Amino acid sequence: MSLAKFTARSLLSTIFITGGLGEVQKADQLSDAVDGLLEKLPELVRSQISDVDSTLLVKVNGATMLAAGSLLALGIKPRLAATVLAAQLVPVTAAGHAFWEKEGADKQGDQIQFCKNLGLIGGLLTVALNGAK
């Protein structure tokens, strides 16, 4: 394993490790956002998941980010870890940064976050498709 690849993987994984830890620690505060996103789902889907615990969803999402980010940083199954993170980031990006639904400064902030996440997905897909060892 080269120092350059280790450094690149570690830098890419930082946002997932810190973000995942934050989600696990602050799941109660973030669950309202999940409830809002669940309300946007079609009724047919909502009726199938009516008993979903949004706090638990936040914790699972955070734990997955923390675990996969750590595996990526350490070079343990980096292709699998990158695939999991990329797959997880797609719905989070679409639902959490829907800039097309906003105006003004809120729109600009979400558009920046949306594009940042697209860049992260691109980096993760590079690792997933090409490896990083």
Side-chain angles (χ1 to χ4, degrees):
M1 165 179 48
S2 75
L3 179 60
K5 287 185 179 182
F6 171 77
T7 302
R9 281 194 326 270
S10 297
L11 292 172
L12 181 57
S13 66
T14 302
I15 189 71
F16 301 103
I17 295 169
T18 58
L21 184 60
E23 282 191 21
V24 170
Q25 291 174 335
K26 298 177 182 174
D28 291 337
Q29 298 169 4
L30 299 171
S31 63
D32 287 343
V34 172
D35 289 335
L37 295 174
L38 292 174
E39 289 175 10
K40 293 181 180 180
L41 293 174
E43 179 57 37
L44 179 63
V45 175
R46 278 188 306 195
S47 67
Q48 300 298 314
I49 58 170
S50 60
D51 294 334
V52 162
D53 180 353
S54 56
T55 302
L56 179 61
L57 284 179
V58 173
K59 287 181 182 180
V60 168
N61 188 64
T64 302
M65 284 175 36
L66 179 59
S70 298
L71 291 173
L72 179 61
L74 295 170
I76 300 169
K77 300 285 187 188
R79 295 176 81 170
L80 176 61
T83 302
V84 167
L85 290 168
Q88 186 176 29
L89 199 52
V90 169
V92 169
T93 300
H97 301 296
F99 64 89
W100 52 89
E101 296 176 352
K102 300 194 177 159
E103 298 292 328
D106 287 341
K107 179 176 185 158
Q108 184 180 14
D110 269 343
Q111 192 169 20
I112 290 168
Q113 292 301 316
F114 185 91
C115 291
K116 175 206 51 128
N117 284 4
L118 290 181
L120 286 170
I121 291 168
L124 291 166
L125 289 176
T126 299
V127 173
L129 297 172
N130 299 317
K133 281 202 171 194

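Computed from a prediction, not measured in an experiment: that's the story for all the values here. Computed from heavy atoms alone, side chains included, the values below leave out hydrogens, waters and symmetry copies.
- Contact annotation: the side chain of Leu80 never approaches that of Leu71 to less than 4.5 Å [non-hydrogen atoms, C-beta and beyond].
- Counting all heavy atoms, side chain and backbone alike, Pro78 lies closest to Val127 at O-CG1, 3.7 Å.
- Thr55 OG1 to Asp35 CG: the interatomic distance, rounded to the nearest 0.5 Å, is 7.5 Å.
- Scanning both residues, Ala86 and Leu125, for their nearest heavy atoms gives CB-CD2, 4.2 Å.
- Of all the heavy atoms in Ser70 and Leu66, the pair that sits closest is OG-O, 2.8 Å.
- With rounding to the nearest 0.5 angstrom, the NE2 atom of His97 is 11.5 Å from the CD1 atom of Ile112.
- Atom CZ of Arg9 and atom CG of Leu74 lie 8.0 Å apart (nearest 0.5 Å).
- Within the structure, side chain to side chain donor-acceptor pair (under 3.5 Å) contacts touching residues 114-125 (residues at least two apart or in different chains) are Thr93-Asn117, Gln113-Lys116.
- Scanning all heavy atoms of the two residues, the minimum distance from Ala73 to Ser13 falls at CB-OG, 3.1 Å.
- Here the shortest heavy-atom pairing between Lys59 and Ala27 reads CG-CB, 3.4 Å.
- The cluster map of Ile, Leu, Val, Met, Phe, Trp and Tyr, joined by side-chain heavy atoms under 4.5 Å apart, puts Leu57 and Val45 in the same cluster.
- Proximity of Ile17 to Leu21: side-chain heavy atoms (C-beta onward) are nowhere separated by under 4.5 Å.
- Linking Ile, Leu, Val, Met, Phe, Trp and Tyr residues whenever their side-chain heavy atoms come within less than 4.5 Å places Ile49 and Val58 in a single cluster.
- When Asp32, Asp28, Leu30, Val34 are each tested for a side chain to side chain contact (heavy atoms under 4.5 Å, CB included) with Ser54, only one passes: Val34.
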Can you list, pair by pair, the side-chain donor-acceptor contacts under 3.5 Å of residues 99-107, counting residues two or more places apart and other chains?
{"residue": "Glu101", "atom": "OE1", "partner": "Lys40", "partner atom": "NZ", "Å": "3.1"}
{"residue": "Lys102", "atom": "NZ", "partner": "Asp110", "partner atom": "OD2", "Å": "2.4"}

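- For Thr18 against Ile15, the heavy-atom pair with the smallest separation is OG1-O, 3.5 Å.
- A 4.5 Å side-chain heavy-atom check between Phe16 and Leu124 finds at least one atom pair inside the cut-off.
- Linking Ile, Leu, Val, Met, Phe, Trp and Tyr residues whenever their side-chain heavy atoms come within less than 4.5 Å leaves Val84 and Val90 in two separate clusters.
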